[in-house]
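See below for the structure under consideration.
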Protein chains: 2
Amino acid sequence: MSYSREAMVELLRKHGISPTHQRLEIAHVLFSRCEHLSADRILALTNERFAETSKATVYNTLNLFRDRGLIREVIVDPKRVFYDPNTQPHHHLYNVDTGEITDIAADALEISGMPALPPGMVTEGVDVIVRIRAL
Amino acid sequence: MSYSREAMVELLRKHGISPTHQRLEIAHVLFSRCEHLSADRILALTNERFAETSKATVYNTLNLFRDRGLIREVIVDPKRVFYDPNTQPHHHLYNVDTGEITDIAADALEISGMPALPPGMVTEGVDVIVRIRAL
DNA sequence: GGCTTGAGTTAGACAAAGTCCAATCTTTAG
DNA sequence: CTAAAGATTGGACTTTGTCTAACTCAAGCC
């Protein structure tokens, strides 16, 4: 997969999002690295080189991307949300000492015995978080 | 299990915690109901009847109880932490519309294929969160 | 070209959850 | 009983995230 400007424009358009300059910058930050970034860090990285993108725009854009299914929120730390550019089903290893988040492939973990849901309810997702720390 | 003052005193002592008035109030709020409460709600419930317990004390106490293994944090909502008086391994059903949290018994769910951890690391816990919503 | 329209961006004010601090009060060990 | 250690407190503070009203900018239309 390429992270060129054209590829990013294409990606946003495909999800019905107008590709503005700021959104492209943020998309680039998210997709060019396979990390789990906080909003704070995304703001810093977006403004690192040159352009000015405001805090409000970063939050607006992250929420927009999340709503349109481009990215996923990872909720492991009560202090901040992390954003995951990988929306395929998968799980997370969370180092509680360092805050580091690592992926666990969905097909590596097998979960059986899911409870029946109340009628009229659907599963939106199953998050597995394995919390680890140094011995 | 009883939730009398004596039982609560005993419980705290067993975990090396001096049973002060405020801590007993908070323990009672937590253990006399089997719910997942936020700090906010615990503060309100603790002060409902009569006594005054400050916000600082509620947070201090919840962190203390968590550190000593009396309660567990449930991190499903980026806005606030919930506290679970049940520290036995089990999982959670989270209704993203209403914020309601329900337990899933640990033995109901079978998880296989846990990845090998890096050397010197131990698993602190495995949290499974099933996010559900109305159709 | 000028004008309107609507979407996008922005600074800064605001909100909510949680922490910190220094003064004060309670427990507990002796 | 008393002193030291531990617990509690109000209020200031921090951090993450949201809101608002003004401003920018490009597109379509006459």
Side-chain angles (χ1 to χ4, degrees), chain A residues 8-9 12-13 15-30 36-47 50-68 70-83 96 99 101, chain B residues 5 8-10 12-30 36-47 50-68 70-84 96 99 101:
Chain A
M8 291 293 107
V9 169
L12 296 205
R13 284 241 156 81
H15 287 82
I17 298 172
S18 308
T20 65
H21 178 62
Q22 287 90 335
R23 287 171 180 172
L24 289 170
E25 284 293 324
I26 294 170
H28 189 265
V29 165
L30 283 165
H36 304 82
L37 301 168
S38 64
D40 217 35
R41 192 112 176 68
I42 292 165
L43 176 61
L45 288 167
T46 303
N47 287 325
F50 171 69
E52 287 276 282
T53 300
S54 72
K55 186 175 70 153
T57 297
V58 168
Y59 279 104
N60 287 344
T61 301
L62 289 172
N63 289 339
L64 177 68
F65 284 6
R66 184 243 291 127
D67 292 345
R68 299 294 169 87
L70 269 105
I71 59 178
R72 193 220 273 202
E73 286 180 347
V74 181
I75 300 166
V76 288
D77 177 347
K79 293 218 169 303
R80 53 178 104 42
V81 172
F82 290 92
Y83 293 90
V96 297
I101 301 174
Chain B
R5 190 161 206 86
M8 291 293 106
V9 169
E10 179 64 17
L12 297 205
R13 283 243 156 82
K14 207 165 58 189
H15 287 82
I17 298 171
S18 307
T20 65
H21 178 62
Q22 288 89 337
R23 287 172 180 170
L24 289 170
E25 283 293 323
I26 294 169
H28 189 263
V29 164
L30 283 166
H36 303 82
L37 301 169
S38 63
D40 218 34
R41 193 112 177 67
I42 292 165
L43 175 61
L45 288 167
T46 303
N47 287 325
F50 171 70
E52 288 275 281
T53 300
S54 72
K55 186 175 70 154
T57 297
V58 168
Y59 279 104
N60 287 345
T61 302
L62 290 172
N63 289 339
L64 178 68
F65 284 5
R66 185 243 292 127
D67 292 346
R68 298 294 170 86
L70 270 104
I71 59 178
R72 194 220 273 202
E73 285 180 347
V74 181
I75 300 165
V76 288
D77 178 346
K79 292 218 169 306
R80 54 177 110 38
V81 172
F82 290 93
Y83 293 90
D84 190 341
V96 296
I101 301 174

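All figures in this text were calculated on a predicted structure; none of them were measured in a lab. A, B, ... follow the sequence lines: proteins, then strands. Residue 1 opens every chain.
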Main-chain N/O of A/Tyr83 paired with A/Arg72 side-chain donor or acceptor, under 3.5 Å: no
Under 3.5 Å: donor-acceptor pair, side chain of B/Asp84, backbone of B/Val74: no
Exceeds 12 heavy-atom contacts within 6.0 angstrom, atom CZ of A/Arg66: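 Counting neighbours around CZ of A/Arg66, more than 12 heavy atoms of other residues, nucleotides or ligands fall under 6.0 Å, so yes.
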Side-chain touch B/Leu24/B/Arg5, heavy atoms, less than 4.5 angstrom: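 Of all side-chain heavy-atom pairs linking B/Arg5 with B/Leu24, at least one is under 4.5 Å.
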Close side-chain approach of A/Leu12 and A/Arg23, heavy atoms under 4.5 Å: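 In contact.
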Tell me whether the side-chain N/O atoms of [X] come closer than 4.0 Å to OP1 or OP2 in [N].
X: A/Arg23; N: C/dG8; result: yes
X: A/Asn63; N: D/dT18; result: yes
X: B/Arg13; N: C/dT28; result: yes
X: B/Gln22; N: D/dT9; result: yes

Under 4.0 Å, counting only non-hydrogen atoms across every strand here, what does [X] touch: a base, just sugar-phosphate, or nothing?
X: B/Ser38; answer: nothing
X: A/Thr57; answer: base
X: A/Asp77; answer: nothing
X: A/Arg41; answer: nothing

Can you tell me the distance, in whole Å, between the [atom1] atom of [X] and the [atom2] atom of [N]?
X: A/Phe82; N: D/dT15; atom1: CZ; atom2: C1'; value: 14 Å
X: B/Leu24; N: D/dA7; atom1: CG; atom2: P; value: 13 Å
X: A/Ile17; N: C/dG8; atom1: CD1; atom2: C1'; value: 13 Å
X: B/Ile26; N: D/dA7; atom1: CD1; atom2: C1'; value: 11 Å
X: A/Asn60; N: D/dT24; atom1: CG; atom2: C1'; value: 15 Å
X: A/Leu37; N: D/dT16; atom1: CG; atom2: C1'; value: 16 Å
X: A/Tyr59; N: C/dA15; atom1: OH; atom2: C1'; value: 13 Å
X: B/Leu43; N: C/dA17; atom1: CG; atom2: P; value: 11 Å

5′-ward residue of the pair B/Lys55/B/Glu52 relative to DNA chain D: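 Whichever sits nearer the 5' end wins; that is B/Glu52.
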Closest-nucleotide 5' rank along DNA chain D - winner of A/Asp40 and B/Leu64: B/Leu64
B/Leu62 and B/Ile42: CA distance, side-chain angles, deciding distance, side chain to side chain contact (heavy atoms under 4.5 Å, CB included) verdict: CA-CA 9 Å; B/Leu62 290 172; B/Ile42 292 165; 3.8 Å; yes
5' priority, DNA chain C, between B/Arg80 and B/His21 [closest heavy atom]: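 Looking at DNA chain C, the more 5' nearest nucleotide goes with B/Arg80.
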Which listed nucleotide ([options]) is nearest to the side chain of [X]?
X: B/Thr61; options: D/dT8, C/dT19, C/dT10; result: D/dT8
X: B/Ala39; options: D/dG10, C/dG18, D/dG17; result: C/dG18
X: A/Ala56; options: D/dG17, D/dC19, C/dT19; result: D/dC19

